[in-house]
Structure formats: C-alpha cells, structure tokens
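Single-structure report; data block below.
Per chain, numbering begins at 1; letters A, B, ... match sequence-line order. Note that the coordinates shown come from a computational prediction; the quantities given were computed from them, not determined experimentally.
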Amino acid sequence: MKKKANERLRKKEIKDVLEKLEKIYPEAVSELVYQTPFQLLISTILAAQCTDVRVNQVTKKLYQHYNTPQDFLKLSEEELGEWIHSCGFYKTKAKNILNTCRILVEKYGGEVPQRREELVELPGVGRKTANVVISNAFGKPAIAVDTHVFRVSNRIGLAHSDNVEDTEEQLMNNIPKTQWSDAHHWLIYHGRRICKARKPLCEQCPLREECLYYKELTKKS
DNA sequence: AACTCGGGGCA
DNA sequence: TGCCCAGAGTT
C-alpha cells in the first residue's frame, strides 16, 4: 500500500503533539481499572459500542461475584444477559463471553492467552480487544486502535491510512514505545472531548497548530 | 462492503 | 425523537 509521507507530520511536529497531549491529559489513565487479564478481557468485550462508564457500572458489581472463566460458566446465557443488559448487544455478548470462557478453560487451563493469534480466535475478541489485553494486561508491545484512536491520529497526522492495521503500525513507528499506552489514552480522551467524529471543536483544540485536518479545514474557507 | 446486534444517556 | 457509544461476526 502506498503511503503519502507528505500527509503525515514530521518528527518534530509529532513530538510537539505528544508533549501537548501529555500536558492536556495528565490524568489520562484508563478509568477501567482491572485486577486480572481475564477481567480486562471481559470488560473490553463488553465495551464494544458502549461507553466505558456503563461497562464500569456493570462490571463493578459483576466482578464481586464472578472473577474467573470457571465462575462465569456457572451462569446461563440468560443470567449473564441480565447482568450485562445495559451494555447493549447483550445476547451476542453473553453468548460470546460464555463460549470464550469455555475455550479458556478447555484449551488454556483457565488462563488468558497472550498471543494475538490465540486471542482473536476467542468469540467476541477482534484485533482491538486483543491489543488492549496484550498491551494493558500483559504489558507487551501493541497499540489498540479503536474508532477514536483511528479518527484522531489520522486527522492530526500521527498516521495516514484508511485501515486499522496500517494506522497501528504507523503509530508504533511514530510514537516512542514508552508512550504507547499513554498515547492510546490521550487520543481517546481527545477524541471524546474535542476531536469528535461529527462536530470537532477545532476552535478550542490545542493541537490546531500542527493538525493537518485543521490545516485542510482552514485552507478551504 | 454492507448489514446486524441494542439498551441507555443526552440534546 | 434522533443520534451516538473503548467492535465483532456474518453474508
């Protein structure tokens, strides 16, 4: 795939953007605080097309009773569906979670595998969820590209691509490894608060100076 | 590439 | 009321 280098930021601009993001969102740690890889896995499955706040509300109670795949397998699909009802897509998610738990028990001794090829084989686990587990639960190199990370990084110019995998690769090339985890959270925060999908608040965005999207925007008008 | 799953919060 | 949300699976 051809990549137009001139539509991405230069090194210095990338450095400036990262410094600004760090300054803007110093508190940008995930509000989803988890104790185990299994909990993170389940929470991330639940987070599909659902706000993290609601996932937290649900899992806070859920994890008081069920903490392992073996625990979850005591639940029927209907029972789990009631627990996670407010997260949306609850039937699909309940079925996928229980099937994932069965695989974890039967194939991995109740543990969460650490390799992406193994993770994406689990029902309900795609590339994004796998990367969240890899990076956040196991501290291994990966950047999870969700809709916010994808949109924001491609707007600013931290990446320039129309697909997730290239964006992921470019982000890992452009961002120092020590900041991968933080940058993931910064971009999500920024996407939620300012660089919104529909009506981005460019006029109050601190990254205007470097942002290629804003540059393009102001060029037209 | 388009379609489906979906309840709940908010303007 | 209508729009949107830390995606993934199927056709």
Side-chain angles (χ1 to χ4, degrees), chain A residues 1 21 25 27-34 37-63 77-104 112-113 116-138 142-156 158-159 161-168 171 175 180-201:
Chain A
M1 165 156 311
L21 283 170
Y25 306 114
E27 81 288 5
V29 286
S30 177
E31 292 171 19
L32 304 171
V33 178
Y34 306 103
F38 175 73
Q39 290 174 334
L40 179 59
L41 174 65
I42 300 304
S43 301
T44 309
I45 292 175
L46 288 177
Q49 295 297 290
C50 173
T51 62
D52 57 336
V53 176
R54 193 171 299 134
V55 173
N56 260 334
Q57 291 171 347
V58 167
T59 54
K60 189 176 178 184
K61 296 179 192 167
L62 180 60
Y63 293 161
E77 262 184 51
E78 290 72 23
E79 289 169 331
L80 181 55
E82 285 182 31
W83 273 102
I84 66 175
H85 187 263
S86 67
C87 292
F89 301 149
Y90 61 95
K91 289 179 184 173
T92 306
K93 287 176 180 175
K95 185 195 293 184
N96 283 340
I97 287 172
L98 290 182
N99 282 332
T100 283
C101 287
R102 286 187 193 101
I103 296 176
L104 292 184
V112 179
R116 175 158 34 228
E117 307 87 78
E118 295 171 325
L119 285 165
V120 295
E121 287 299 313
L122 301 170
V125 179
R127 189 181 183 87
K128 183 258 174 177
T129 300
N131 279 347
V132 168
V133 172
I134 290 170
S135 57
N136 290 358
F138 297 126
I143 294 183
V145 176
D146 58 34
T147 55
H148 295 303
V149 174
F150 182 82
R151 180 184 67 255
V152 175
S153 57
N154 278 294
R155 272 185 183 165
I156 297 175
L158 290 177
S161 167
D162 57 357
N163 71 75
V164 169
E165 290 190 27
D166 281 342
T167 298
E168 195 180 305
L171 287 178
I175 301 173
W180 284 2
S181 174
D182 288 335
H184 169 77
H185 294 302
W186 294 336
L187 293 172
I188 290 175
Y189 267 57
H190 194 60
R192 293 269 348 198
R193 290 165 170 68
I194 295 178
C195 196
K196 302 193 287 186
R198 288 300 158 83
K199 298 176 180 175
L201 308 177

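Of the candidate nucleotides C:dA6, C:dG7, C:dC5, C:dA6 has the atom nearest to the side chain of A:Asp52. Side chain of A:Lys128, nearest nucleotide from C:dA6, B:dG6, B:dG8: C:dA6. Here the side chain of A:Thr129 is nearest to one of B:dG7, C:dA8, C:dA6, namely C:dA8. Of the candidates B:dG7, C:dC3, B:dC5, B:dC5 carries the atom nearest the A:Phe89 side chain, counting heavy atoms from C-beta on. Closest contact between the side chain of A:Lys91 and the listed nucleotides C:dA6, B:dG8, B:dG6 involves B:dG6.
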Requested in this report: Output, in order, the C-alpha distance, side-chain angles, deciding distance and verdict of side-chain contact (heavy atoms from CB on, under 4.5 Å) for A:Ser86 and A:Gln57.
Outcome: CA-CA 9 Å; A:Ser86 67; A:Gln57 291 171 347; 5.8 Å; no
Requested in this report: Please lay out, stage by stage, how A:Phe138 and A:Val112 fare under the test side-chain contact (heavy atoms from CB on, under 4.5 Å).
Outcome: CA-CA 10 Å; A:Phe138 297 126; A:Val112 179; 4.2 Å; yes
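Proximity of A:Thr147 to the phosphate of C:dG7: a side-chain N or O atom is located under 4.0 Å from OP1 or OP2. Residue A:Thr92 places at least one side-chain N or O under 4.0 Å from the OP1 or OP2 atom of B:dG6. Contact annotation: A:Arg192 reaches the phosphate of C:dA6 (side-chain N/O to OP1 or OP2, under 4.0 Å). Considering only side-chain N and O atoms, A:Arg198 lies under 4.0 angstrom from the phosphate OP1 or OP2 of C:dC4. Side-chain N/O atoms of A:Thr51 include none lying less than 4.0 angstrom from OP1 or OP2 on C:dA6. For C:dA6, one of the phosphate oxygens OP1 or OP2 lies less than 4.0 angstrom from a side-chain nitrogen or oxygen of A:His148.
What separates CG of A:Asn96 from C1' of B:dC5 is a distance of 11 Å, to the nearest Å. Atom-to-atom, CZ of A:Arg54 to P of B:dG8 comes out at 7 Å; the value is rounded to the nearest Å. A:Tyr90 has its OH atom 13 Å from the C1' atom of B:dG8, to the nearest Å. Rounded to whole angstrom, the span from the NE2 atom of A:His190 across to the P atom of C:dA6 amounts to 15 Å. Regarding A:Ile42, its CD1 atom lies at a distance of 13 Å from the P atom of C:dA8, rounded to whole Å. In this structure, A:Asn163 places its CG atom 16 Å from C1' of C:dG7, rounding to the nearest Å. Straight-line distance from the NZ atom of A:Lys199 to the P atom of C:dG2: 16 Å, rounded to whole Å. Rounding to whole angstrom units, CG of residue A:Asn99 and P of C:dA8 are separated by 17 Å.
B:dG6 sits 16 Å from C:dT11 when the P atoms are compared, rounded to a whole Å. Taking the P atoms as reference points, B:dA2 lies 23 Å from C:dA6, given to the whole Å. If you take atom C1' in B:dC5 and the same atom in C:dC4, they sit 15 Å apart, rounded to whole Å.
Contact annotation: the side chain of A:His148 never approaches that of A:Leu187 to less than 4.5 Å [non-hydrogen atoms, C-beta and beyond].
No more than 12 heavy-atom neighbours from other residues, nucleotides or ligands sit within 6.0 angstrom of CD on A:Glu121. More than 12 heavy atoms of other residues, nucleotides or ligands shown are found within 6.0 angstrom of CD on A:Glu79.
For the pair A:Ala197 and A:Arg127, both in contact range of DNA chain C, the more 5′-proximal nearest nucleotide belongs to A:Ala197. Of the two residues near DNA chain B, A:Lys93 and A:Gln57, the one whose nearest nucleotide lies more 5' is A:Lys93. Nearer to the 5' terminus of DNA chain C, by closest-nucleotide assignment, is the contact made by A:Arg151 (compared with the other of A:Ala130 and A:Arg151).
Using a 4.0 Å heavy-atom distance criterion, A:Val125 is classed as a sugar-phosphate-only contact. Contact annotation for A:Leu187: no contact, since no heavy-atom pair falls under 4.0 Å across all strands.
If you check the side chains of A:His185 and A:Tyr25, you find no donor sitting under 3.5 Å from an acceptor.
When atom types are taken as modelled, the side chain of A:Arg151 and the backbone of A:Gly191 share a donor-acceptor pair closer than 3.5 angstrom.
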